[in-house]
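To find a chain, count down the sequence lines: A is the first, B the second, and so on, and within it residues start at 1.
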Amino acid sequence: MSLLWMYEVLDCLNFKCFKHPCSVEHTCPVCVFNRLLELNNVGFSNQTQSSWPLSSVIGSLFCCCSEPAFMVFYGLSPGKHMKLSSTAEEVATFFAKMLDHEYTTKEVFRKNFYKDWRKEMTSEEKSKITDLNKCDFSEMSEYFKAQSEARKAMTKEDKQKIKEENERILQEYGFCIMDNHKERIANFRIEPPGLFRGRGDHPKMGMLKRRIRPEDIIVNCSKDSKHPKPPPGTKWKEVRHDNKVTWLVSWTENIQGSIKYIMLNPSSRIKGEKDWQKYETARRLKKCVERIRAQYRDDWKSKEMRIRQRAVALYFIDKLALRAGNEKEEGETADTVGCCSLRVEHLTLHQEMDGQEYVVEFDFLGKDSIRYYNKVPVEKRVFKNLQLFMEDKEPEDDLFDRLNTSILNKHLQELMDGLTAKVFRTYNASITLQQQLNEITNSEDNVPAKILSYNRANRAVAILCNHQRAPPKTFEKSMQNLQTKIDAKKEQLADAKRELKSAKADAKVRRDEKSKKIEEQLMKLEVQATDREENKQIALGTSKLNYLDPRISIAWCKKFGIPIEKIYNKTQREKFAWAIDMAEKDFQF
DNA sequence: CCCGCAACTTAGAACAGTTCAG
DNA sequence: CTGAACTGTTCTAAGTTGCGGG
């Protein structure tokens, strides 16, 4: 495979210096560049920006503010303002912008923020500002609120202008050429500085995520393409030509020291092919999954502890669609686990529970600190093994002390080429959708009812994969509204029926049509209500996007005459273009 | 083996845009 | 026409996997 990128494309990093009508704020590369210039002391063409007040120039944040005047109160002399240096001011604004967020009340967040904020202060500021609790960010916060209100209140024309400008930026920076095809870039904007927002109980929440400078950036493009130039007076960290990888740009982030990438959009060929491969691997697993199941059931009896542990873990991964569960460095991230990293404290064994034998109660935090809670009846042999694994251990000890993801994946590789732990999640998700659709779709149903069936099948998968969401804040109210609508519609239908009865013969047909139409509307509303109620705490998006072979859904649409747009929106259709081309109505996963 | 690094997929929150009832 | 509700998009954190070097 060759990689060929055109100049214009990567030019997303080749920021230009001109006064930018900054509605896109700091995420806009142009603004970032303005800031870079300032930071690097390159000086910018004052013909374009000289009329801006100093603080508006400092920090891409303010590049369109006309009245900056940011100050932090400090409580030692109540009511007094303090003018901050530009760097300290910018970090303060990050905090101010989050003031309404729960984060800013958390001790860890405040501690980390304060520590990093101090690093940006002058020595004078350091001596004056000694306690975060005495700093009042509300004036700053009000300023940003007012800004956002002003944005909302803009005229239609102004909003249109912004839209056009965004479109222009997308056209200019959002594409590249790979293998002679113009492809959309996914995240073409450099991540702006801000305060780190970890999920769950993250020990690093509130730390300052620093601004990315040209010196941090590695550009990856083909040798013969003109690579984008760094801003004047600066250098890229590196320009390389590695066609074994798919990323266009990378940099190292300062919170965890991990690498961030700019890559192509899911609609791109390179991502689409990979996606297809993923589902093909899962379909190969389908062919040998019974053999593998027989194998691990057999291994529950193994003489060797490590093999028993491996077999029980694999059983969980298969049956419960758990993630592999890599080890994590303690204190660096939130305390979450997957299958191999389960600890004794995450399981409770019940010899008998609710009339069922050998029940395992799982309670742990998984990816993104989403709670996994499940009570599962298991086979006697699994239960006995778990008792064995938990013997003489402390709650914080590893359940599978002879196992990790590397061992497990090596074993899986021997069972099937390309098999890893995550393939089970894909396989079980897709096969569940297929089975559910086959089972519950009624060809006599109308379109909305069929879509309800589809959503129910999708929901079964989301439940399996534990894709949860907090019930929307407005849930109860919106259900009530819907019920009101349904009642009104029922009323309307009753009226229509009465009219039908009393109507003269010549009007009967017309009246009949009318009540049929109302009936249909009522039905649609009722279906909607059911769907929404069942979906209260479940997020369908993740499984739809990442776990369900799109060919299943497309074939289903074709078979039952459902327009694909009812299942996949525009973006999703772009992502699954490969499958839309491929799937016939008789496709089965 | 273990560890750290690199590259890629998967994830929910936040935000923006659209729709629809009043 | 307006604002609330809903839907779609963007953002970037948090996982998995594989590799190479000691």
Visitor: Touch check for G366(A), heavy atoms < 4.0 angstrom, all strands: base, sugar-phosphate only, or nothing?
Guide: sugar-phosphate
Visitor: Checking contacts here: which listed nucleotide (dT12(C), dG15(C), dT10(B)) is nearest the side-chain heavy atoms of T336(A)?
Guide: dG15(C)
Visitor: For dT10(B), take OP1 and OP2 only and decide whether either is under 4.0 Å from a side-chain N or O of H467(A).
Guide: no
Visitor: Taking only N and O in the side chain of R189(A), is any of them less than 4.0 Å away from OP1 or OP2 of dC11(C)?
Guide: yes
Visitor: With R343(A), which of D363(A), D335(A), D397(A) fulfils salt bridge (charged side-chain N to carboxylate O under 4.0 Å, His left out)?
Guide: D335(A)
Visitor: Kindly write out the residues that satisfy ring-ring contact (aromatic ring centres under 6.0 Å, His included) with Y279(A), not counting sequence neighbours, or none if the list is empty.
Guide: none
Visitor: The criterion is ring-ring contact (aromatic ring centres under 6.0 Å, His included); which residues satisfy it with H101(A), sequence neighbours excluded?
Guide: Y103(A)
Visitor: So, under a plain 3.5 Å distance rule, would you say the side chain of K367(A) forms a donor-acceptor pair with the base of dT10(B)?
Guide: yes
Visitor: Tell me, which of residues 400-429 of chain A have any heavy atom that sits under 4.0 Å from an atom in DNA chain B?
Guide: K422(A), R425(A)
Visitor: Is K159(A) close enough to dA16(B) that one of its side-chain N or O atoms is under 4.0 Å from OP1 or OP2 there?
Guide: no
Visitor: Looking at R323(A), I'd like to know whether one of its side-chain N or O atoms comes within less than 4.0 Å of OP1 or OP2 on dA14(C).
Guide: no
Visitor: Which listed nucleotide (dC8(B), dT17(C), dT10(B)) is nearest to the side chain of A324(A)?
Guide: dT17(C)
Visitor: With respect to the side chain of P192(A), which nucleotide from dT12(C), dA7(B), dC8(B) is positioned closest?
Guide: dT12(C)
Visitor: Nearest-nucleotide wise, let me know which of Q256(A) and R184(A) is further upstream toward the 5' end of DNA chain C.
Guide: R184(A)
Visitor: With a 4.0 Å cut-off on heavy atoms, is K152(A) in touch with a base, just the backbone sugar-phosphate, or nothing at all?
Guide: nothing
Visitor: Can you list the residues that meet the salt bridge (Lys or Arg N to Asp or Glu O under 4.0 Å) rule with E253(A), with sequence neighbours excluded?
Guide: none
Visitor: Please state how far atom CZ in R573(A) lies from atom C1' in dT9(C), giving the value in whole angstrom units.
Guide: 15 Å
Visitor: Select base, sugar-phosphate, or nothing to describe what G541(A) touches, counting heavy atoms under 4.0 Å on all strands.
Guide: nothing
Visitor: Looking at residues at least two apart in the chain, or sitting in another chain, which of them share a salt bridge (Lys or Arg N to Asp or Glu O under 4.0 Å) with K260(A)?
Guide: E191(A)
Visitor: Please compare D368(A) and I259(A) by the position of their nearest nucleotide in DNA chain B and report the one closer to 5'.
Guide: I259(A)
Visitor: So does K159(A) have more than 12 non-hydrogen atoms from other groups sitting under 6.0 Å from NZ?
Guide: yes
Visitor: Ignoring backbone atoms, establish whether H101(A) has a side-chain N or O less than 4.0 Å from OP1 or OP2 of dA13(B).
Guide: no
Visitor: When you match E191(A) and Q572(A) each to their closest nucleotide on DNA chain C, which lands nearer the 5' end?
Guide: Q572(A)
Visitor: Within this structure, what is the OH-to-C1' distance between Y173(A) and dT10(C), rounded to whole angstrom?
Guide: 19 Å
Visitor: To the nearest Å, give me how far apart CD (E167(A)) and P (dT9(C)) are.
Guide: 13 Å
Visitor: Compare side-chain N and O positions of T246(A) against OP1 and OP2 of dA7(B) and report whether any pair is under 4.0 Å apart.
Guide: no
Visitor: Scan residues 406-426 of chain A for pairs that pass salt bridge (charged side-chain N to carboxylate O under 4.0 Å, His left out), counting only residues two or more places apart or in two chains.
Guide: none
Visitor: Using the ring of each side chain (for Trp, its six-membered ring), is F95(A) parallel, tilted or perpendicular to F113(A), with breaks at 30° and 60°?
Guide: parallel
Visitor: With rounding to the nearest 0.5 Å, note down the distance linking CD1 in I218(A) to CD1 in I259(A).
Guide: 7.0 Å
Visitor: Could you check how far CG of L365(A) sits from P of dA14(C), rounded to whole Å?
Guide: 13 Å
Visitor: Not counting sequence neighbours, which residues clear side-chain contact (heavy atoms from CB on, under 4.5 Å) with E304(A)? List them please.
Guide: S302(A), R306(A), I307(A)
Visitor: Please name all residues satisfying ring-ring contact (aromatic ring centres under 6.0 Å, His included) with Y427(A), sequence neighbours left out, ordered by chain then number.
Guide: none
Visitor: Can you name the residues that form a salt bridge (Lys or Arg N to Asp or Glu O under 4.0 Å) with R310(A), not counting sequence neighbours?
Guide: D299(A)
Visitor: Within the structure, does a side-chain N or O atom of T542(A) lie under 4.0 Å from either OP1 or OP2 of dA11(B)?
Guide: no
Visitor: Which is true for G338(A) with a 4.0 Å heavy-atom rule: it touches a base, it touches only sugar-phosphate, or it touches nothing?
Guide: nothing
Visitor: I want to check one thing: is the phosphate of dG12(B), taken as OP1 and OP2, less than 4.0 Å away from some side-chain N or O of Q468(A)?
Guide: no
Visitor: Starting at CD of E167(A), measure out to CD of Q160(A) and round the result to the nearest 0.5 Å.
Guide: 10.5 Å
Visitor: In whole Å, I'd like the distance from the NZ atom of K570(A) to the C1' atom of dT18(B).
Guide: 14 Å
Visitor: Report which part of the nucleic acid I370(A) touches: base, sugar-phosphate, or nothing (heavy-atom distance under 4.0 Å, all strands).
Guide: sugar-phosphate
Visitor: Let's see if you can work this out: which of dA13(B), dT9(C), dA7(B) has an atom nearest to the side-chain heavy atoms of N569(A)?
Guide: dT9(C)
Visitor: Rounded to the nearest angstrom, tell me the gap between atom CZ in R197(A) and atom C1' in dT10(C).
Guide: 13 Å
Visitor: In residues 545-553 of chain A, what residues come within less than 4.0 Å of DNA chain B, judged by heavy atoms?
Guide: N546(A), Y547(A)
Visitor: Would you indicate, yes or no, if dT10(C) has its OP1 or OP2 atom less than 4.0 angstrom from a side-chain nitrogen or oxygen of N265(A)?
Guide: no
Visitor: Within the 4.0 Å heavy-atom criterion, would you say K278(A) contacts the bases, only the backbone, or no part of the nucleic acid?
Guide: sugar-phosphate
Visitor: Taking only residues two or more places apart in sequence, or in another chain, which ones meet D318(A) in a side-chain contact (heavy atoms from CB on, under 4.5 Å)?
Guide: R293(A), Y296(A), F424(A), N428(A)
Visitor: Base, sugar-phosphate, or nothing for K328(A), non-hydrogen atoms under 4.0 angstrom?
Guide: sugar-phosphate
Visitor: Under 4.0 Å: is that the gap between some side-chain N or O of K260(A) and OP1 or OP2 of dC11(C)?
Guide: no
Visitor: Are any non-hydrogen side-chain atoms of S553(A) and F576(A) less than 4.5 angstrom apart?
Guide: no
Visitor: Distance check needed: dT10(B) C1' versus K274(A) NZ, whole Å only.
Guide: 13 Å
Visitor: Please tabulate, one pair per line, each protein N/O and nucleotide N/O from nucleotides 19-21 of chain C that are separated by under 3.5 Å, including the distance.
Guide:
none

Visitor: Reckon E253(A) touches a base, only the sugar-phosphate, or nothing at all at heavy-atom distances under 4.0 Å?
Guide: nothing
Visitor: Measure CG/L540(A) against C1'/dG8(C) and give the value in whole Å, please.
Guide: 14 Å
Visitor: Which comes earlier along DNA chain B counting from the 5' end, the contact point of K163(A) or that of Y103(A), where each point is its nearest nucleotide?
Guide: Y103(A)
Visitor: On the nucleotide dT16(C), are OP1 or OP2 found under 4.0 Å from the side-chain N or O atoms that N326(A) carries?
Guide: yes
